[in-house]
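Just below is one structure, and these are the notes that go with it.
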Amino acid sequence: MRMKPPASVRIGDEDVQEDRFSRFRLIPWWDQKKLQAARVLVIGAGALGNEILKNLALLGFEQIVVVDLDRIEESNLSRTILFSREDVGAFKADAAWRSLKRISPEARVRPLVANVVQSCGLGLFAWSDVIIAGLDNREARLWINRCAWKMNRPWIDGAIEGINGVARVFVAGSTPCYECTLGETDWKLLEQRMSCNLLLREADTEGKVATTPTISSVIAGIEVQEAVKLLHGMPTLSGSGFVFEGLHHTSYKVEYTANPDCMSHFTFSEIVELPQKSSELTLEDLRRRGGEDSGTDDAVVEFSRDIVHELECPQCGAREEQFVPVGSIRYEKGRCPRDGRMRVVKTIHSYSGRESFGARTLDRLGLPQYDVFNVRVNEIEKAYLIGGDKIAVLGAELLS
Ligand SMILES: [Zn+2]
Ligand SMILES: [Zn+2]
C-alpha cells in the first residue's frame, strides 16, 4: 500500500514534515528512526500484551516478535483491544498479528505460539534490543530475567491486579535484577509451582487474576514509554519500579536492593553464531567443535534448560525415553502403563561425551530451535547460538 507523500507545514518558525509521526518529532529528543530500527520481543498477548502491542504499533515500531501460548476466550474480550468476537478460539499471538497489520501496515510482526519457558530459544533474546513482558506468573518472569541477563538484554516487566499495578525496568549487567526483588513468599510460591511442573497438573488456576482494561492501559503505557526512553538513552526505571495505586493515588517509585548471591547475575562473555540448523548438528558434533575452539577434548555441553530424559518405574524398573521440555508431560502420563505406579522423572541439563544420547541432533533433544548451548572447559566457557534456525523461528518477513 502506497502512502501519500508527506506535506510540509509550518509550526512556529520551522517547516515540519507532516506525516503519521510528525507530532512525536516535536518532542526535542525524539528520534523516530530509533523506534523503526528497534527489535522488540513482546512476551504475553493478554490484557497487558494487547496494550503493549497497540502502543508499539501506534508509535511506529516496525520489528516485533509476539510470544503467547494461549487461545482467546470470551472473557478476554473486555481487556483486549486487538481481539474481537470472531477471534474467540484463535491463538492470541495470531490474532494480535492480524490486528497490528491493520494499525500499522509497515510493521513486520512475527507471532509465535509458544511457552517462553519451554519453547523459546535464547536466540530470540539475542535478536531483540528490548524485551517487554505482559505476564501473570513469577516463573516466566524469573526465566525471562535469567535469559535477558545471559544474552545481555534489557527487559521491562509489568504486573496488574485489581486497579493497581507496577512497571519495572531491569537492565542486564546492572543490579538489582528481578530475581533480587524476590522475597521468601515469592520463592515459596515459585518452588511449589516448579516442583509440580516436572509433570503438568491439569487444575491450574493461573490467569484468573482480577484486572481491568484501565489498569492494563496505565501499566502497559508506562512499560512502552520506558522502552522508548531506554532506546533513546534517556533515564529509566532501571533497577526500580513505578507502583500505581489506583484507589488512593499513592503512586510512588520503589527502589530495590541488590542481592549479591542472586543466581541471575550471569552474562555469556562470548557468543559464537553457528551457520548450521539444529537438525544438522549432533550433540557430539557441538561438543567437538567447542573442544577444538578451546584446544581440548574435555568439553561439556550445557543446555539452556532442563529436559525430561526418561520416565522410570520404581515398581517394575521399566524406562521410557522422552526428550521433552520439563513441564510438558501431563500428570496422568506419568504413570507406568504396566502397573500404574507413578514413575520417576529423570532430567538432564548437560552432555559430557559419555552419555548415550550424543548422536542425537540438537532438534531431537526437546530443546527449542534457535537456542544457545554453553560449552564449558574447566572454568572457561563459550556459548554457541544455532544460527541456522533463525529463518524458521523469526520468519522471512522479519529478516528481510
Ligand atoms: Zn539479581
Ligand atoms: Zn512399572
Side-chain angles (χ1 to χ4, degrees), residues 41 43 116-117 122 125-126 128 130-133 135 137-159 166-191 193-194 198-200 223 226-227 230 236-243 253-269 302 304-306 308-324 329-347 372 374 381 383:
L41 174 59
I43 304 176
V116 68
V117 179
L122 289 177
F125 289 80
S128 62
V130 59
I131 299 119
I132 310 180
L135 295 158
N137 73 85
R138 293 172 181 79
E139 187 199 12
R141 289 192 180 96
L142 181 57
W143 177 255
I144 291 167
N145 189 63
R146 289 185 178 173
C147 294
W149 264 75
K150 281 181 185 169
M151 306 309 285
N152 199 19
R153 294 293 186 272
W155 80 281
I156 301 172
D157 182 37
V166 59
R168 335 187 240 199
V169 178
F170 299 108
V171 176
S174 94
T175 57
C177 76
Y178 171 74
E179 187 168 346
C180 291
T181 72
L182 298 178
E184 236 171 273
T185 321
D186 297 301
W187 280 113
K188 232 173 242 166
L189 290 167
L190 264 167
E191 273 154 25
R193 201 181 142 79
M194 280 169 166
L198 283 181
L199 293 176
L200 183 69
E223 286 189 80
E226 287 300 299
L230 194 76
T236 67
L237 282 169
S238 175
S240 60
F242 172 72
V243 177
K253 188 178 163 193
V254 57
E255 302 285 350
Y256 299 110
T257 313
N259 172 7
D261 302 320
C262 176
M263 298 286 287
S264 279
H265 304 170
F266 169 77
T267 303
F268 288 131
S269 50
E302 296 174 343
S304 60
R305 64 210 84 198
D306 290 358
V308 179
H309 173 212
E310 56 184 24
L311 299 175
E312 189 181 351
C313 178
Q315 178 87 14
C316 69
R319 293 167 172 204
E320 192 187 340
E321 223 175 47
Q322 293 295 329
F323 291 101
V324 294
I329 302 175
R330 296 194 183 285
Y331 189 78
E332 274 312 306
K333 283 261 163 94
R335 295 193 185 282
C336 175
R338 289 193 215 167
D339 49 46
R341 276 287 293 270
M342 189 46 75
R343 291 179 288 180
V344 177
V345 180
K346 298 268 174 87
T347 62
V372 168
N374 190 30
E381 49 195 18

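The residues of the chain are indexed from 1 along the displayed sequence. Counting starts at 1 for both ligands and their atoms, following the listed order.
If you put the vertex on the Zn ion (ligand 2), SG of C336 and SG of C313 sit 110° apart, to the nearest 10°.
Ring pair F170/W155 is tilted by interplanar angle, where 30° to 60° counts as tilted.
Listed by chain and number, the residues in a side chain to side chain contact (heavy atoms under 4.5 Å, CB included) with C147 are L122, F125, W143 (sequence neighbours excluded). Listed by chain and number, the residues in a side chain to side chain contact (heavy atoms under 4.5 Å, CB included) with R341 are C313, P314, Q315, D339 (sequence neighbours excluded). Not counting sequence neighbours, the partners of V345 by the side chain to side chain contact (heavy atoms under 4.5 Å, CB included) test are L199, V308, L311, T347.
At least one donor-acceptor pair under 3.5 Å links the side chain of R153 to the backbone N or O of S128.
Salt bridge present: R335 and E332 bring a charged side-chain N and a carboxylate O closer than 4.0 Å.
When the Zn ion (ligand 2) is compared with the N/O/S atoms of D339, atom OD2 turns out nearest.
For the residue pair T267 / N152, no side-chain donor-acceptor distance below 3.5 Å is found, with atom types taken as modelled.
The set of protein atoms (N, O or S) found at less than 2.8 Å from the Zn ion (ligand 1) reads C177 SG, C180 SG, C262 SG, H265 NE2, by chain and number.
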